[in-house]
Amino acid sequence: MNKKEIVIGVAVGLIANTLGTLLYILLFSEFGITETLRAAVQQGHMGSLLALGAILNLVAFFGFLRIKRDQRAKGVLIATLLTAMVILYYKVF
């Protein structure tokens with residue numbers, strides 16, 4: 001049961017990050033999603049987009065802590081660390 005809760009937290013964290021990134025693109029970009037993602041990759045801003053999308057992970061993390069789902073919050077933290085690794089990859093390479 002412990003691992004299942006962590007996996008649920010990781011899934012929620014990855015989904016929250018994806019939704020946050022898409023929400024940011026829809027609210028602040030004058031282009032469509034695919035055009036914005038292409039331009040971000042070409043101009044080297046993909047890491048920044050992912051970092052802005054990770055803000056929704058804060059909501060998920062503290063929400064799980066508030067309802068006493070510590071293992072799920074741990075999974076969201078793991079998803080955030082995975083996102084940080086991807087951001088580091090985009091910034092270095």
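For reference, positions follow the sequence shown, starting with 1. Computation of the quantities below employed the complete heavy-atom set of this structure, encompassing side-chain atoms and omitting hydrogens, waters and symmetry-equivalent molecules.
Distance CG/L19 to CG/L14: 11.0 Å, rounded to 0.5 Å. Atom NZ of K91 sits about 8.0 Å away from atom NE2 of H45, to the nearest 0.5 Å. Separation of atoms CG (L26) and CZ (F31) is listed at 14.0 Å; rounding is to 0.5 Å. Atom CD1 of residue I33 and atom CD of residue E35 lie 9.0 Å apart, to the nearest 0.5 angstrom.
In this structure, I25 and T21 have side chains that are in contact, with non-hydrogen atoms separated by less than 4.5 Å. Contact of the E30 side chain with the T36 side chain is not registered, since no non-hydrogen atoms from C-beta on lie closer than 4.5 Å.
For G47 against I87, the heavy-atom pair with the smallest separation is O-CG1, 3.6 Å. The two residues G53 and N17 make their nearest non-hydrogen contact at C-OD1, 3.2 Å. What you find for I78 and I6 is that their closest heavy atoms are CD1-CG2, 3.9 Å.
Linking ILVMFWY residues whenever their side-chain heavy atoms come closer than 4.5 Å, directly or via other members, leaves L56 and Y24 in distinct clusters. In the hydrophobic clustering of this structure, F28 groups with L49; members are Ile, Leu, Val, Met, Phe, Trp, Tyr whose side-chain heavy atoms approach within less than 4.5 Å, directly or through other members.
Hydrophobic cluster membership of L81, counting Ile, Leu, Val, Met, Phe, Trp and Tyr whose side-chain heavy atoms lie under 4.5 Å apart directly or via other members: none, as it forms a cluster of its own. Hydrophobic cluster membership for L65: I8, V12, L58, F61, F62, F64, I67, V76, L77 (Ile, Leu, Val, Met, Phe, Trp, Tyr linked by side-chain heavy atoms under 4.5 Å, directly or transitively).
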